Amino acid sequence: MTTTARTYTSRRANIIAALTNKLKNINGAGQFLTDLQNNVHPRLKFWDEVVDFPAIHLNAGAESRVYQGGGYKDRFLNVTVRCYVNDEDNAQEQLNLLMEDVETVLEENNRLPYVDAQNKSFTTQQITILSIDTDEGVLEPLGVGELQVEVRY
């Protein structure tokens, strides 16, 4: 079976997998404030489905293209990063610490390496945090936060 170069195919699942692996490094050591114990998943769950805390769930959203000259295309993938905590004392504080850790990982991996379906290596051009939002304590002792991220590749 021969393979052909597929320069401009979507790499949604591959980018989500690479982000998931990077976020699993949040282990409470060094610069990290939270220990996720590898509780990072490449798909969203509703807050009532989450049983292990803290947790992070990712979801690939809409993807768009910007067509440049010479046949080049910029691709933009929207990613939702949802963070969950459960803390009887101060869920919002724990949520903010977890979201700071997520932001640190995203900022430090702005040029994220990933592989495509044919095992070829690529790197994202830029990862931008578009918004950060929380439940503002409505779900205490649970805390739910969401980062909307744009990955340009």
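Computed over heavy atoms, backbone and side chain alike; hydrogens, waters and symmetry mates excluded. Keep in mind that what you see is a predicted model, and the values were worked out from it rather than measured.
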| task | Go through the structure and list residues passing ring-ring contact (aromatic ring centres under 6.0 Å, His included) with His57, not counting sequence neighbours. | result | His41, Tyr84
Report the residues that fulfil side-chain hydrogen bond (donor to acceptor under 3.5 Å, both in side chains) with [X], sequence neighbours left out, ordered by chain and then residue number.
X      : value
Thr123 : none
Thr20  : none
Glu100 : none
Glu107 : none

| task | Just grab all the ring-ring contact (aromatic ring centres under 6.0 Å, His included) pairs involving residues 88-109, residues at least two apart or on different chains. | result | none
| Heavy atoms, side chains only, cut-off 4.5 Å: are Val115 and Ser121 in contact? |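 Yes, close enough: below the 4.5 Å cut-off.
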| How would you list all residue pairs meeting salt bridge (charged side-chain N to carboxylate O under 4.0 Å, His left out) that involve residues 137-153, not counting sequence neighbours? | Asp74-Arg152, Arg82-Glu146
| request: Hey, could you give me each pair passing salt bridge (charged side-chain N to carboxylate O under 4.0 Å, His left out) that has a residue in residues 40-50? Not counting sequence neighbours. | output: none
Which residues pass the side-chain contact (heavy atoms from CB on, under 4.5 Å) test with [X], not counting sequence neighbours?
X     : result
Glu88 : Pro141
Asp52 : Asn39
Ala60 : Arg12, Ile16, Leu77
Asn21 : Lys24

| said: Cation-pi check for Tyr153 against Arg11: NZ or CZ below 6.0 Å from the six-membered ring centre and within 45 degrees of the axis, yes or no? | reply: no
